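Structure first, commentary second.
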Amino acid sequence: MANKDLNNDLFTGGSISDGEKETKKTKKPKKANAVNPKSKKKISANQIKIIKSVIAVVLVVGILAAYVGFGVVRKGFIHSTLQWTTAVTGITIKGEDGDKIHIPVSTYNYYFAQYYNNLRSTQEAYEASGLGALLGYNVDFDKAFSTQHTTNDDGEKITWDQYMQDEVVESIHHTYALYLQAIKDNEGKEPSITSSQQKEIDEALDSYREAGAKYGYTLSGYLVAAMGKGVTESVFRREATRAYIASNYEEEIEDEKVTVERTDEDYAEYKKAHESDLMAVNVRIFQAQSEEDAEDFKAELNEDGSNFTELAVKYAKDGFYKKYYEDESASTYLYATRANLTGSSSFDIGKADDGDYFGLDWLFSGNRKAGDSYQYEKCVVYVLSPAALPEIGTINIRHILIQPETKDDKTAITDATDDQWAAALKKANSIVDEFNAGKKTAEAFGKLAEKYTADDGSKKNGGLYEDVYPGQMIQTFNNWCFADGRNEGDVAIVKTTVGYHIMYFGGTNELPVWEKLVQNELPTEISLEESIIDSYDAKVSWFGSRYFEKDVDIDR
């Protein structure tokens, strides 16, 4: 039986390394607990990594217990309450219509406590399972955050101190924008939270009161010692309540959309500001089993790259991948952007080293030329053409997916037997014969797709995907679509790691790929939630930020 859960595999937008299956898209996270405001960051479908913004959904009691263990005990409970921080503005949230709210330092510290502990507990959990290095964590909680570096979502190298502040401010911005809009939509009155939500807050505080009593502390004293300057019981109750109000409102509007008018000037401005991010390269990439193999691969590679496929087969592990790499397209990446490769779990060239991307910096440098080659750790790269703005058009494509029939859904397609693959190819060829015996039109192909394809994502549309851009689809599928000389009506069978695809080329559109990428960043329809958040600005007070919590585990 073939594995039917493949729509996310088809839309890989990335890579497959020797011995690795495509990574499924992460499911949409659950709504965050109101005492743990969620981050807006999401995990990319083609990456096995955890974004460092992890305002996680965990029990608030567990958070505080962790914070006491990490912070209070080591600091010996020496901490001033600094009650006046509740009156000092740390951040101002201001709407387009002029309404605003001043967020005190104590609120920032409340959010920081949650972020810090969720980040730490999440990292430790993954390290304990042996996945810490794979997931790319590089923060050391025994060192000052201001002395460590990481990379933010814009690719900028910044300190962990700044990264954490940015994430906490973003979380406050997100929560308070929704909170203020919820009040507006409730005739200017603060909406009530549910009885179960109120009970959760009360029970959490009762637990803290009991825990603090063991150390001879009042509830507020314990909260301040554990969560930071000014985080008293009243602050905790207020922020937990407001976060629940924001979360409830978010659930109410989660399916609502709004239209945003975009102009040519908007696209041109974005293009100018992000041109380096829109650049794409044509490249051949191979991830070896060891660094020694990569070094040997690089040493044996001809200057013209003519033996790249031969070497890929030689250094691939046994089984499926030896045959997979016999196809030159399997190690070829057409129009790959920096974003396609950044953080890739498949290729070392996309890995960060203390916030620096040395491999990608080399690949996307203006000094690159066709024929350049490079070995970075276990990865070997050969440049077919250097980075340039992709002026080619997006394409329309139809396909029919035929998968090897394995014994059960648990068997990976790449583990199918040679006979099962051969049977799938035979079936694909018979469908091509059926197509050629008919009218050979797009509509006729669509009818066959509805009848035969294993891709449920396009079955109802006759196998059709429109406005496809490079890097959106699984690799060999992508390469066939964007190969030079492709003409409308072309039909072929392409093998990928999820089966055989009978391809029908629907034609090239006038919309340049770079403009499609810009449109993805500036969509004309967005969620109401995003629209609301975008309508508010968050401005950090320089004076107030002097009292923000930071490096809580380090004696400064």
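What you are looking at is a predicted structure, and each value in this text was computed from that prediction instead of being measured.
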Does any N or O in the side chain of N478 come within less than 3.5 Å of the main-chain N or O of G471, such that one atom is a donor and the other an acceptor? yes

If you round to the nearest 0.5 Å, how far is OG1 of T92 from NE2 of H102? 5.0 Å

Start with the C-alpha gap between V169 and I91, add the side-chain angles, then the distance that decides, and say whether side-chain contact (heavy atoms from CB on, under 4.5 Å) holds. CA-CA 8 Å; V169 170; I91 305 165; 3.9 Å; yes

Quick one, T159 and T147 - any side-chain contact, counting heavy atoms below 4.5 Å? no

Please name the pair of heavy atoms, one in R238 and one in P104, separated by the smallest distance, quoted to 0.1 Å. NH2-CG, 3.7 Å

Do Q148 and F145 pass the side-chain contact (heavy atoms from CB on, under 4.5 Å) test, and can you show the C-alpha distance, the side-chain angles, and the key distance before you say yes or no? CA-CA 5 Å; Q148 303 177 71; F145 300 143; 4.0 Å; yes

Which heavy atom of T342 sits nearest to which heavy atom of L360, and what is that distance? OG1-CD1, 3.4 Å

Tell me, do T497 and I474 make a side-chain contact under 4.5 Å, heavy atoms counted? yes

Within a strict 4.5 Å, meaning less than it, do heavy atoms of the I101 and R242 side chains meet? yes

Would you say S535's side chain and E96's backbone share a donor-acceptor pair under 3.5 angstrom? no

Got a donor-acceptor contact below 3.5 angstrom from the E256 side chain to the I253 backbone? no

Between the side chain of S545 and the main-chain N/O of W542, is any donor-acceptor distance below 3.5 Å? yes

Going by the angle between their ring planes, with limits at 30° and 60°, are Y176 and Y179 parallel, tilted or perpendicular? perpendicular

Side-chain donor-acceptor pair under 3.5 Å between S196 and T194, yes or no? yes

Between L517 and H274, does a side-chain contact (heavy atoms from CB on, under 4.5 Å) hold up when you go through it step by step? CA-CA 11 Å; L517 296 176; H274 300 86; over 6 Å; no

Classify the side-chain pair T337/N340 by whether it contains a donor and acceptor separated by less than 3.5 Å. yes

Would you say that more than 12 heavy atoms from the other residues, nucleotides or ligands in this model lie under 6.0 Å from the NZ of K157, or not? yes

Name the residue from E200, E239, Q197 that meets the side chain to side chain donor-acceptor pair (under 3.5 Å) definition with Y244. E200

Where do E233 and L205 come nearest, in terms of heavy atoms and distance? CG-CD1, 4.3 Å

Any salt bridge linking K214 with E210? Criterion: basic side-chain nitrogen under 4.0 Å from a carboxylate oxygen. no

Validation row: L341, I285 side chains within 4.5 angstrom (heavy atoms): yes

Could you check, using the six-membered ring where one of them is a Trp, whether F347 and Y333 have ring centers closer than 6.0 angstrom? yes

Has S171 got a side-chain atom pairing as donor or acceptor with V168's backbone, closer than 3.5 angstrom? no

Hey, is the main chain of S458 close enough, under 3.5 Å, to the side chain of N461 for a donor-acceptor pair? no

Side-chain contact test, heavy atoms from C-beta onward, threshold under 4.5 Å: evaluate it for N520 versus Q472 and give yes or no. no

Test side-chain contact (heavy atoms from CB on, under 4.5 Å) on E170 and D166; report intermediate values, then the result. CA-CA 6 Å; E170 181 179 333; D166 290 346; over 6 Å; no

More than 12 heavy atoms from other groups under 6.0 Å of CD on E187: no

Verdict with reasoning, D456 to K459, per salt bridge (Lys or Arg N to Asp or Glu O under 4.0 Å): CA-CA 5 Å; D456 291 335; K459 191 181 187 76; 5.3 Å; no

Stepwise side-chain hydrogen bond (donor to acceptor under 3.5 Å, both in side chains) test for S527 and E529: CA-CA 5 Å; S527 67; E529 173 190 341; 5.0 Å; no

Do you know which two heavy atoms are closest between A240 and I201, and how far apart they sit? CB-CD1, 3.7 Å

Side-chain contact test, heavy atoms from C-beta onward, threshold under 4.5 Å: evaluate it for Y465 versus D455 and give yes or no. yes

Closest non-hydrogen contact found for M227 with Y110 is CE-O, 3.8 Å

Nearest non-hydrogen partners of Y217 and Y222, listed with the distance: CD2-N, 3.7 Å

E250 CD to N248 CG distance, which is reported to the nearest 0.5 Å: 10.0 Å

Find out whether P470 and V513 are in side-chain contact, i.e. whether some heavy atom of one side chain is under 4.5 Å from a heavy atom of the other. yes

Treating R338 as the side-chain partner and F364 as the backbone partner, does any N or O pair qualify as donor plus acceptor under 3.5 Å? no

Take atom CD of E190 as the centre, draw a 6.0 Å sphere, and report whether it contains more than 12 heavy atoms from other residues, nucleotides or ligands. yes

Quick one: pull up CD in E525 and CZ in R262 and give me the separation to the nearest 0.5 Å. 11.5 Å

One should read off an interatomic distance between E549 CD and N109 CG, to the nearest 0.5 angstrom, of 4.5 Å

Looking at OH of Y547 and OG of S541, how far apart are the two atoms once the value is rounded to the nearest 0.5 Å? 10.5 Å

Donor-acceptor contact present, side-chain D356 to main-chain F358, <3.5 Å: no

Do the rings of Y116 and F141 sit parallel, tilted or perpendicular, given the 30° and 60° boundaries? perpendicular

Using a cut-off of 6.0 Å, state whether more than 12 heavy atoms not belonging to K271 lie near its atom NZ. yes

Would you indicate whether the side-chain heavy atoms of L178 and Q181 approach each other to under 4.5 Å? no

When rounded to the nearest 0.5 angstrom, what distance separates OG1 in T107 from CZ in F112? 15.0 Å

Any salt bridge between K550 and D161, counting N to O under 4.0 Å? yes

Would you check if the side chain of H174 reaches a backbone N or O of I533 as a donor-acceptor pair within less than 3.5 Å? no

